[in-house]
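Since the structure comes first, as structure tokens, the remarks are kept for the end.
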Amino acid sequence: MKETMLPKNLEHRLQQAVSAVLPDANTDSVLVRPCPDPKFGDYQSNALMALAKERKMNPRQLAIDVVAKLDVSEWCEKVEIAGAGFLNFRLKPGAIAGALQEAAKMKDPFVQKAVKPRTVVVDFSGPNIAKPMHVGHIRSTILGDSLARILRLLGHKVITDNHIGDWGTQFGKLLVGWKNHLDRTALEKDPISEMERLYKLVNSACETDEKVLESARQELVKLQNGDGENLAIWREMIALSETQFARVYGRLGIKFDHTFGESFYNPRLKTVVQELRDKGIAQESEGAICVFSDGSLPPQKDPLLKQEDGKSKPNPCLIQKSDGAANYATTDLATLAYRLETWQPDDIAYVTDGRQQLHFSQIFSIFKRWHPEAKTKLAHVWFGSILGEDGKPFKTRSGDTIKLEDLLDEAQERAFKVVQEKTTGLPESQQREIARVVGLGAIKYADLSPNRQSDYVFSWDKMLALQGNTAPYLLYAYTRIRSIFRKLGEEASTAPVNFLLAAPDEITLAKHLLNFGLTLEAVAEDYRPNFLCTYLFELAGHFARFYENCPVLKSEGPERASRLALCDLTGRVMKQGLEMLGIETTEQM
RNA sequence: GCACCCAUAGCUCAAUUGGAUAGAGCAUCUGACUACGGAUCAGAAGGUUAAUGGUUCAACUCCAUUUGGGUGCACCA
């Protein structure tokens, strides 16, 4: 095992020691974590207390027995037993220097590839055809992309799939609008706005005029039955929308392995419904095909039941409407089946907002009954809403949803104003480029740094602030590192150096670098990129203190070489960490 | 009505298998060699984690009840 993964090495040894004392114990939960407070040491394990409790043993005695079997002397001082049974590990300075030495030679320092790589499908973004991408899409898009990047770096096989909304009842209305009210000139100028106008026009007409609603239904049926004209229009709408998607994803630096829209699964829908009926999972009710509870779950936890007057009542999931058409549950089940057959994934992560929790818990529960043999773990990676500064859903002043492209424009424009002030010596083109990186980075970081499940308040001033836990602060820390190397110029060398860690601030910085991989694993485990944000913010803080107190260019000899190498490693970790959040870096700002 | 989610410092947010004295940033106050880039750093102050009870050696975290907010609940996705 590589020396750069010191916490992993400790964990491995500790697990062996536990096995030596308790041969039948499951050591999966015997973990080593960074200490919350450096006074306890560098790493700690709390696992023995839990283990002792399980077995009704004395935790301190168990700790004594385990420590007797534990040899980590090549990396640590004597392992200390504290409190109720904490194990505290304190790294030897030589071990830290050795780890950095190894890391400096590696392509991905402080990251360990997964021992058992998993195949993970990440389903995110999911915009709709003929509609503008808006703020509602941003969290899914940014979270999903970050998770995919991190899982890939950790050595997993990742398949990203953009499940776009290219089918459904809205196309009936869109077709009526297209055929009767289309403005070709407007369409050429701004296709998305024109299609949105058509939809809104027909949609409001439907509310007052039964005839319009009926014609929308008929157009939809024709489309579903493969009518040539309607299919052609539908394809044109898709093509026009894809231009928009490509533009937005291009700006955000996001790529998908697949973009199988909902329509891709149309040929499979009938089979899904038939299979579920054949297996007795689905049945007819009021003309629709539904899945009811099979009673295998406790009533309180069963998503296919609801409680009323103290009694359980059915809360079925519809998989076919009474008019014979499929709905989104059908499509989701068909999608699931396709993914299972095609990729045999270990995990599928659905990155959508929290309002779909009931839907996904129903889908997951149906899936278990449909494919009881499947080992695939399904995760609904849900997130909260973006709120305006008034605490209500984020909208424009006039109450419309905010278009994603306008949001990105504004981020860059606002960043440009700041960059202009701070970098007066640079040409405008370069200032624009810096503003692009800073503006987009600010949006992404603001989205990723809170716990995904909490709603967060969107604030331009906070995300673009130059101090505090923001993208500009992290990017600034990176440019300070790069500035050192720019100044160094020709002198820069790639020759291996010996790390001499003496000053407290350089030791703290060095130790923090060791935890990069551990942090990425924690993100992957819970699908929470905010852990990485916190890590990078702390890294920037440790670097700032080091930079303040430990002269680099002004120092001499081996100390200078060591500090330069430490700066270089810090810069590499910072850059890679930001890249894992989908954030670019800039050399100057 | 039922279900899910949330409530942490003045504000915005953290808190890695239940772990050690609940942490940051902003704002406020104080300070730092006229700066290897000051878009910086150091310090102070700020808390009954909505309330009550329970489980535990240990609870922001788990359980129960209550209060206040958000969201969702058969033929939209």
Side-chain angles (χ1 to χ4, degrees), chain A residues 28-31 33-37 39-40 44 46-47 49-50 53 59 82-86 88 126 128 165 167-170 262 285-290 300 303 305-309 313-323 325 327-329 331-332 352-359 361 382 384-385 387 391-393 418-419 421-423 449-451 453-457 459 461-462 465-470 472-473 475-477 479-480 483-484 487-488 518-519 521-523 525-526 528 530-531 533-534 537-538 541 544-545 547-555 563 588-589:
Chain A
D28 289 350
S29 57
V30 175
L31 303 175
R33 293 276 167 254
C35 283
D37 188 330
K39 81 179 178 197
F40 300 123
Q44 69 179 40
N46 314 322
M49 291 180 284
K53 178 156 192 128
F86 297 94
N88 290 332
N128 295 312
W167 199 251
T169 47
Q170 76 270 26
E262 293 172 345
S285 169
E286 296 172 30
I289 310 295
C290 309
Q300 304 285 344
L305 287 178
K306 62 196 274 187
Q307 306 298 311
E308 236 163 67
D309 306 325
K313 297 215 166 163
N315 186 32
C317 176
L318 264 75
I319 59 167
Q320 186 176 295
K321 300 190 283 183
S322 52
D323 66 3
N327 63 6
Y328 69 124
T331 312
D332 277 350
T352 84
D353 74 286
R355 287 176 296 196
Q356 297 188 45
Q357 283 180 87
L358 178 61
H359 169 68
S361 61
W382 62 269
S385 314
L387 307 176
K392 295 187 179 137
V418 184
V419 171
E421 279 173 36
K422 300 290 180 183
T423 63
S449 59
N451 182 324
Q453 288 175 331
S454 54
D455 295 345
Y456 83 91
V457 176
S459 161
D461 291 341
K462 284 192 174 119
L466 308 165
Q467 58 278 96
N469 191 2
T470 65
Y473 176 79
L475 290 168
Y476 175 65
T479 60
R480 291 171 103 186
S483 163
I484 292 173
K487 215 155 251 182
L488 195 62
L518 218 54
T519 304
E521 286 172 23
V523 171
E525 181 72 25
D526 290 335
R528 290 186 193 278
N530 63 307
F531 295 158
C533 295
T534 303
F537 178 59
E538 285 167 354
R545 280 182 282 279
Y547 186 81
E548 197 80 11
N549 298 318
C550 304
V552 179
L553 292 174
K554 285 179 184 166
S555 61
R563 287 181 175 173
Q588 295 181 64
M589 62 186 277

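Computed from heavy atoms alone, side chains included, the values below leave out hydrogens, waters and symmetry copies.
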Margin query: For a quick check, tell me whether the side chain of A/Gln357 and the base of B/A3 share a donor-acceptor pair closer than 3.5 Å.
Written below: no
Check: Between atom CD in A/Glu548 and atom P in B/G43, what is the gap in whole Å?
Finding: 12 Å
Check: What about A/Tyr328: does its side chain form a donor-acceptor pair under 3.5 Å with the base of B/A77?
Finding: yes
Next item on the list: Go ahead and name the base partner of B/C2; Watson-Crick or wobble counts if both distances stay under 3.5 Å, otherwise write none.
Entry: B/G72
Margin query: I'd like to know if A/Asn88 reaches the base of B/A20 with its side chain, counting only an N/O donor and acceptor under 3.5 Å.
Written below: yes
Item checked: Counter-base of B/U34, judged by Watson-Crick or G-U geometry with both distances under 3.5 Å -> none
Next item on the list: Check whether the side chain of A/Gln44 and the base of B/A20 form a donor-acceptor pair under 3.5 Å.
Entry: yes
Item checked: Residue-phosphate contact under 4.0 Å: A/Asn46 side-chain N/O, B/U16 OP1/OP2 -> no
Note to self: Starting the side chain at C-beta, find the nucleotide from B/A77, B/C26, B/U17 nearest to A/Gln467.
What the structure shows: B/C26
Margin query: Taking only the P atom of each, what is the distance from B/U8 to B/U61 in whole angstrom?
Written below: 14 Å
Note to self: Between the base of B/A15 and the side chain of A/Thr534, is there a donor and acceptor pair under 3.5 angstrom?
What the structure shows: no
Check: Could you state the CG-C1' distance from A/Leu305 to B/A3, rounded to the nearest angstrom?
Finding: 12 Å
Margin query: Only pairs with both distances under 3.5 Å count, Watson-Crick or wobble alike; so what is the partner of B/A7 in this structure?
Written below: B/U67
Check: Would you say a side-chain N or O of A/Asn451 is under 4.0 Å from OP1 or OP2 of B/A15?
Finding: yes
Item checked: Length of the CD-C1' vector between A/Glu538 and B/G23, whole Å -> 9 Å
Checklist line | P-based separation of B/C57 from B/C41 [nearest Å] | finding: 44 Å
Note to self: If you define the side chain from C-beta out and look only at heavy atoms, does anything of A/Gln588 sit under 4.5 Å from A/Thr423?
What the structure shows: no
Next item on the list: Please give the nucleotide sitting opposite B/G23 as a Watson-Crick or G-U wobble pair, both distances under 3.5 Å, or none.
Entry: B/C13
Check: Rounded to the Å, how far apart are A/Lys313 NZ and B/G1 P?
Finding: 15 Å
Notebook entry, point to check: Is there ring stacking between A/Tyr473 and B/A39, where the centres must be under 5.5 angstrom apart and the planes under 30 degrees?
Noted result: no
Note to self: Of the listed nucleotides (B/A74, B/A20, B/A15), which one gets closest to any side-chain atom of A/Pro36?
What the structure shows: B/A20
Notebook entry, point to check: Would you call A/Phe537 stacked on B/A24, i.e. ring centres under 5.5 Å apart with the planes less than 30° off parallel?
Noted result: no
Note to self: So A/Pro303 and A/Leu358, do their side chains get closer than 4.5 Å, heavy atoms only?
What the structure shows: yes
Check: When only distance counts, do a donor and an acceptor, one from the side chain of A/Thr169 and one from the base of B/C76, lie under 3.5 Å apart?
Finding: no
Margin query: Looking only at the side chain of A/Lys53 (C-beta and beyond, no hydrogens), which of the listed nucleotides B/G18, B/A74, B/A39 gets closest?
Written below: B/G18
